[in-house]
Amino acid sequence: MARYNHRDIEKKWQEIWETKETFKTSEDHSKPKFYALVEFPYPSGDGLHVGHPRPYTALDVVARKRRMEGYNVLFPMGWDAFGLPAENYAIQTKIHPSVVTERNVARFKEQMQSLGFSFDWSREVNTTDPNYFKWTQWIFLKLFEKGLAYKKEMPINWCPRCKIGLANEEVVDDGCERCGHAVETRVKNQWMLKITEYAERLINDLDTVDYIERVKIQQRNWIGRSEGADVIFKIKDTEESLTVFTTRPDTLFGATYMVISPEHPVLETLQDRIENVLAVKAYQEEARKKSEFERAELNHDKTGVKIDGLVAINPVNNEEITIWVSDYVLMSYGTGAIMAVPGHDQRDWEFAKTFGLPIIEVVSGGDVTEAAYTQTETGTMVNSGFLNDLDVDSAKEKITTWLREQGLGTPKINYKLRDWVFSRQRYWGEPIPLVHCETCGWVAIPEEELPLRLPEVVNYEPTDTGESPLAKIRDWVETTCPTCGGPAERETDTMPQWAGSSWYFLRYTDPHNDEALASKEHLDYWMPVDWYNGGMEHTTLHLLYSRFWHKFLYDIGVVPSPEPYQKRTSHGMILGENNEKMSKSRGNVVNPDDVVAEYGADTVRMYEMFIGDFEKSVPWSTDGVRGCKRFLDRVWKLKDSVKPGDTYTEALEAKIHQTIKKVSHDYESLKFNTAIAALMTLLNDVNQVGTINEAEMKTFLMLLNPVSPHLTEELWEKLGFEGMLNEQSWPSFDEEKTIAQTIAIGVQVNGKVRGDVTVNLDDSQDVAREKVMANENIQRAIAGKTIVKEIYVPGRIYNIVVK
RNA sequence: GCCGGGGUGGCGGAAUGGCAGACGCUACGGACUUAAAAUCCGUUGGGCUAAGCGCCCGUGAGGGUUCGAGUCCCUCCCCCGGCACCA
C-alpha cells in the first residue's frame, strides 16, 4: 500500500470540508448548542509562530468532539486588527494601515487553514471593518448616554524625541520602546469609562462562572476589594475635617498622626492657615516631578513635610495629632488621606521613625519600639480606652457601632480598580463618535451616522502637542453640532485596542447583521460562550473589560446573560528550542508553515497537544515532532492489518473501553497529552496482539480524529467505512468493561514491594493470600518473622506487616 | 513584601494515599542494508551484585501522620507568573 502522504491527504480533505461546508455552523436552533471561543489574534506582519496553534488546536479538539456528540457548534475566528504595529509601519512606509492589515490577515488565514482548524470562516470578523466598528462605536454611545463615559485629566507617557504618546506596553525600562529616550509624563484630558461602578458585580459574579482558579484569583486581586470604614478627623479651629479610609478602625487609639497626599485638596482650601506654605509647595512640586517609575521604585524611603498650622483631633480620645504631607499616600485610592498607626503598619512605622513621631501599641503581641507589629488579624486590644482587653474582631464591631452613633464614621468598601482610560492619541483605532460644541458641550453623533469612519490621511505622524494625527485633518475635525447646528469639532482621540475585543464574541453569533450588533434570537441561543480559552496575559484587562461591557449590555437589555463566558481556561506559552521566549531577535522562532510542509498538519496538531502540560510553558522540540510523525506513520500502517469484525475482540475489549473513557475525559480537562499517550499505548497493545478488527479500528479513528482529522478521515474512507468520520457519533464505553478481571498487583512486606501476583478482581482475601504466600520472594522476605497485620486492597496492593 | 503555580530520569512529562518514572524524545546495542537513512527488536534513574534471582538508595531539604507518602500535615530552600507604598 502507498505510504502516508500527508501533503495530498491534507489538501484533499481541506478541500472536501470547504466544498461541503462541513464545519459551517447550523442555523437550527432546536439543537443543543456549544460555543467554543479562542482569542482572536492581532494579525502581525510576522505571521503565525508555533505558539498560536496551541490554544486553537485545543478548542478545535473540543469542538470536533462536541459535533460528534450531536451539538450545534459555533467555533469562529477573526482579527483584532487595530493597533500600533500597523500604524508604526504606516509612519515609516506611508502605506495605509488597512492595506497592511489586509495583507497580514490573508497570510494568517492561509496559515490557519493549512492546519485544518474547523472554524466557520463564514463568520469571520475584523475589528477594523466599518460594519464591525459601527457597533463598537454604538456601544460607546450607549455608555456615554448612560453617563458611564466622562472626560478627565490623566497622565500619558510621552516620548519627547518621537513626539508621541506611548501605551504602557511601549514603555520599556522607563524609556521609549522605539528610540530609548526617557519617557515623561504629560497630562491630557481623556475619555474614561466607569468600570469601577461595576467593581462589586465583577467580583461577586466570579462565583457564578467556571474559570480556572488562578484566573479568578488574579481578577479578585486586580479589583482589590477591601472592607473598612471612613472616619472623620476634625481639623482644630476650623470647620474642615479630613476623612480617612481605614480597614482597621479598631486601631484608632494608635493613630498618632495623619498623612495626606501631595495632591490633597485641603492643601488648597486651608492654604491660608498653613504656616509653612513654601515648604509644602516645594514638596508638592518635588512629588509631581517624580515619574510613575520613580514612585513605583522599590526604594521606598519615606519623605514628607509636617504641615504647620493644621492640627487634627483623634475622634476617639480627642488628642491633638499632627498632619503631614507625604507621597506614600496616594490620591487615587481611598480619600487621599490616612490615619497613621505606626505601631501596626510597616509604612507608618518607617515614617514615624524617620520623623521621630510617637508610636503606640494597640494590639498586644510585638515590640513596637523595634518594628511594626503586623500580625494583627487576631490579638487583644491595649492602650485603647473603651476597647481595652477586647479581641480584634469584637473591637472592630464595637468601634464601628460607636463611630456610627457619634456620626464620626461609616462602613465603607474600597477598590484598587481604577476607571478605564479609553482615549488613545493615535490614528489606527475606532474614532470616538462625539463632537464638542461651544454651547452644548460634548454631544453624541446621531446613530444613523455610524460608522464614523477614519479620514484618509497621508501622514500618520502625531502632532507636537501629543494630539492624535486626526487633529490635523481639519475638514474631518470641523463639523456641526447635531443638537444646535452650530460649529463643533470632532473628538480626535481614538479607542484603545481593548474596545473591539470587548464584544467580538457577540458579533460571531450574527456577523452580518445591519440592524443590531447581533439579533436577539442569535444572542439568546448562543450566549454565553460555553468555553473560552486564552492566554494568562489577558486575564486581568481583556477579561475584565469584556465582562464589564457585557454587564452593561445586559443592563440595557441587549444581551441575555450577565456574564459573557461560562468557562475560561488558559494555556502556557511555547518557548524556543533553547528554552527562551520565541522572538525574532532571539532567532528561535519556529514557523508552523515549515513544520506543516515537512511533517504535515496532523503531526503538528498532535505535537502541539502532546508537547506537555497544556497549562504550562514548554520548549519546542523538533525531535518530539518526529515522534508524533512516527506514531501517525504507524497508524497509517494499521490499515493493512484490519480484519473484519463488528464487536471488540476479547484481547482488546477492556483496553478499548479504558481508552475511550480516558480520552473522552482527558480531552475535556485540558489533558490532551495524556489522552494522546493513551492512544499510543493502545496502538502498542494492538501491535502486540498483531491484528485489529473493524470495530476496534473505527473506535480508534474516532478517538484520534479531533487531534489529527485529515489522516483519520482518509483512513476511514480507505477502509470503506460508512459516511464521513466527522459525522459519526462519539464512541461510548461501558464502565464494567473497563475493568480487567485479572490483574497483577504488588505485594509489599512492611511497605516495601517484594513481588507481585496475578489475582482475579473478585478473589477474596483468603484466595489472594494463598497466591501471595505461594510466591517465593514473599516467603523469603517473611521467613522467621511474625505476621502482625495484612492489608488487602483489591486491585491495588497486598501489604504484609511483619515483626 | 503580598498573592498564585511549581520543584519527579539526560529532556518533555505520567501517577483517585496503593508496584514512582506511563507515553514520547535522546542515547546505546542488535536486525535489515554493499553502506547509510528509514523501519523493526531490545536496553536506558543511581548504586551493589556470585550475572541467577536479588539487595540498597531515590520525587528540592528536614521533620511528622499512616500498614503504606511524589501525593496529606509542619518548618525551610529554590524557580516561574502576577501585583506592588492600595491605608
Side-chain angles (χ1 to χ4, degrees), chain A residues 3 212-218 220-222 224-226 228 244-248 251 255 259 261 295-302 326-330 332-341 344-348 350-351 374 414-418 536-537 539-540 570 572-573 579 606-607 610-613 615-628 630-631 633-634 637 671 673-684 687 744-757 776-777 780-781 788-802:
Chain A
R3 61 183 286 265
I212 49 172
E213 201 52 33
R214 58 195 170 125
V215 168
K216 286 194 186 184
I217 288 164
Q218 272 195 33
R220 286 196 191 101
N221 290 346
W222 188 264
R225 180 184 197 274
S226 64
V244 303
F245 173 70
T246 176
T247 56
R248 296 303 299 268
T251 63
V259 189
S261 158
R295 270 187 100 154
E297 266 290 85
L298 274 170
N299 177 15
H300 286 151
D301 289 345
K302 295 292 177 287
S326 171
D327 64 3
Y328 85 90
V329 174
L330 311 174
S332 50
Y333 183 77
T335 62
I338 62 155
M339 65 178 212
V341 184
H344 304 285
D345 182 282
Q346 188 59 37
R347 300 152 298 179
D348 297 344
E350 284 165 15
F351 191 86
T374 55
N414 264 317
Y415 304 93
K416 282 197 240 179
L417 184 71
R418 307 289 154 77
M536 282 307 282
E537 68 274 24
T539 298
T540 42
S570 251
M573 227 186 318
N579 227 322
M606 166 165 275
Y607 181 61
F610 187 62
I611 190 167
D613 183 337
E615 303 195 77
K616 289 202 199 124
S617 294
V618 63
W620 185 261
S621 154
T622 303
D623 285 329
V625 177
R626 286 199 199 99
C628 289
R630 271 199 281 270
F631 172 71
D633 279 333
R634 284 198 291 270
K637 280 188 202 141
K671 299 178 100 180
N673 54 335
T674 50
I676 292 166
L679 289 168
M680 289 174 168
T681 307
L682 178 58
L683 178 65
N684 291 344
N687 286 336
I745 63 165
V747 181
Q748 298 179 335
V749 177
N750 286 351
K752 284 185 195 292
V753 180
R754 289 289 181 245
D756 52 53
V757 295
E776 280 180 36
N777 292 338
R780 196 164 347 116
V788 182
K789 192 174 177 185
E790 290 171 54
I791 296 115
Y792 178 47
V793 184
R796 295 281 177 204
I797 205 81
Y798 198 106
N799 191 8
I800 304 167
V801 185
V802 297

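Labels below follow one simple rule: chain letters A, B, ... track the order of the sequence lines, proteins then strands, and each chain is numbered from 1.
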When both distances are under 3.5 Å in a Watson-Crick or G-U wobble arrangement, the nucleotide paired with rG1(B) is rC83(B)

Would you give the length of the straight line joining atom OG1 of T374(A) to atom CD of Q346(A), rounded to the nearest 0.5 angstrom? 7.0 Å

Closest to side chain of V801(A), choosing from rC67(B), rC53(B), rG4(B): rC67(B)

Considering every strand shown, what is the Watson-Crick or G-U wobble mate of rC23(B) when both distances are under 3.5 Å? rG12(B)

Sticking with atom C1', work out how far rG52(B) lies from rU59(B), rounded to a whole angstrom. 31 Å

Hey, does S226(A) reach any base, or is it just sugar-phosphate, or nothing, if we go heavy atoms under 4.0 Å? sugar-phosphate

Roughly how many Å apart are rC23(B) and rU75(B), using the C1' atom of each and rounding to a whole number? 36 Å

Here's a test of your reading of the structure: between A337(A) and E213(A), which maps to the more 5' nucleotide of RNA chain B? E213(A)

Quick check: on RNA chain B, is the nucleotide nearest K789(A) upstream (toward 5') of the one nearest T246(A), or the reverse? Name the residue that is more 5'. K789(A)

Give me the distance, rounded to whole Å, that separates rC73(B) from rU66(B) when you measure between the C1' atoms they each carry. 12 Å

Give one of base, sugar-phosphate or nothing for D633(A), where a contact means two heavy atoms less than 4.0 Å apart. nothing

Near E776(A) CD, under 6.0 Å, is it more than 12 heavy atoms from other residues, nucleotides or ligands? no

About how many Å separate OH of Y792(A) and CD1 of I800(A), when rounded to the nearest 0.5 Å? 12.5 Å

Think N777(A) has a side-chain N or O under 4.0 angstrom from the OP1 or OP2 of rG54(B)? yes

Just to confirm, is there a sub-4.0 Å distance from OP1 or OP2 of rG52(B) to any side-chain nitrogen or oxygen of R780(A)? no

Taking atom P in both rG10(B) and rA61(B), compute the distance separating them and give it to the nearest angstrom. 14 Å

Would you indicate, yes or no, if rC57(B) has its OP1 or OP2 atom less than 4.0 angstrom from a side-chain nitrogen or oxygen of K752(A)? yes

My understanding is that a pair needs two contacts under 3.5 Å, Watson-Crick or G-U wobble. By that rule, which nucleotide pairs with rA51(B)? none

Measure from the side-chain N and O atoms of N579(A) to the backbone N and O of P619(A), and report whether any donor-acceptor pair falls under 3.5 Å. no

Does rG52(B) fall in syn (glycosidic angle within 90° of 0) or anti? syn

Syn/anti state for rG9(B) [syn: chi within 90° of 0]: syn

Assigned partner base of rG18(B), Watson-Crick or wobble definition, under 3.5 Å: rC67(B)

Which value, in whole Å, describes the distance between the P atoms of nucleotides rG21(B) and rU33(B)? 37 Å

State the pairing partner of rA37(B); accept Watson-Crick or G-U wobble contacts with both distances under 3.5 Å, and report none otherwise. none

Would you say that R214(A) contacts T539(A) through its side chain, given a criterion of any heavy-atom pair below 4.5 Å between the two side chains? no

On the side chain of K302(A), is there an atom forming a donor-acceptor pair with the base of rC85(B) - under 3.5 Å, no angle test? yes

Counting the atoms with a prime plus P, OP1 and OP2 as sugar-phosphate, which does I338(A) contact under 4.0 Å by heavy atoms, base, sugar-phosphate, or nothing? base

What is the nucleic acid contact for R418(A), judged by heavy atoms within less than 4.0 Å: base, sugar-phosphate only, or nothing? base

If the P atom of rA22(B) is compared with that of rC72(B), how far apart are they to the nearest Å? 22 Å

Taking rC19(B) as the reference, what is the distance to rG70(B) when you measure between their C1' atoms (whole Å, please)? 14 Å

Under 3.5 Å donor-acceptor, Y607(A) side chain and T622(A) backbone: no

If the C1' atom of rC11(B) is compared with that of rA84(B), how far apart are they to the nearest Å? 36 Å

Would you confirm whether N750(A), through its side chain, and V802(A), through its main-chain N or O, come within 3.5 Å as a donor-acceptor pair? yes

NA contact type, S332(A), heavy-atom cut-off 4.0 Å: base, sugar-phosphate, or nothing? nothing

D613(A) side-chain proximity, nearest of rC3(B), rC57(B), rA14(B): rA14(B)

Summarise protein proximity over nucleotides 15-33 of chain B in one line of letters, 5' to 3': B for base, S for sugar-phosphate only, - for none, counting protein heavy atoms closer than 4.0 Å. SB-BBS-BBSSS-------

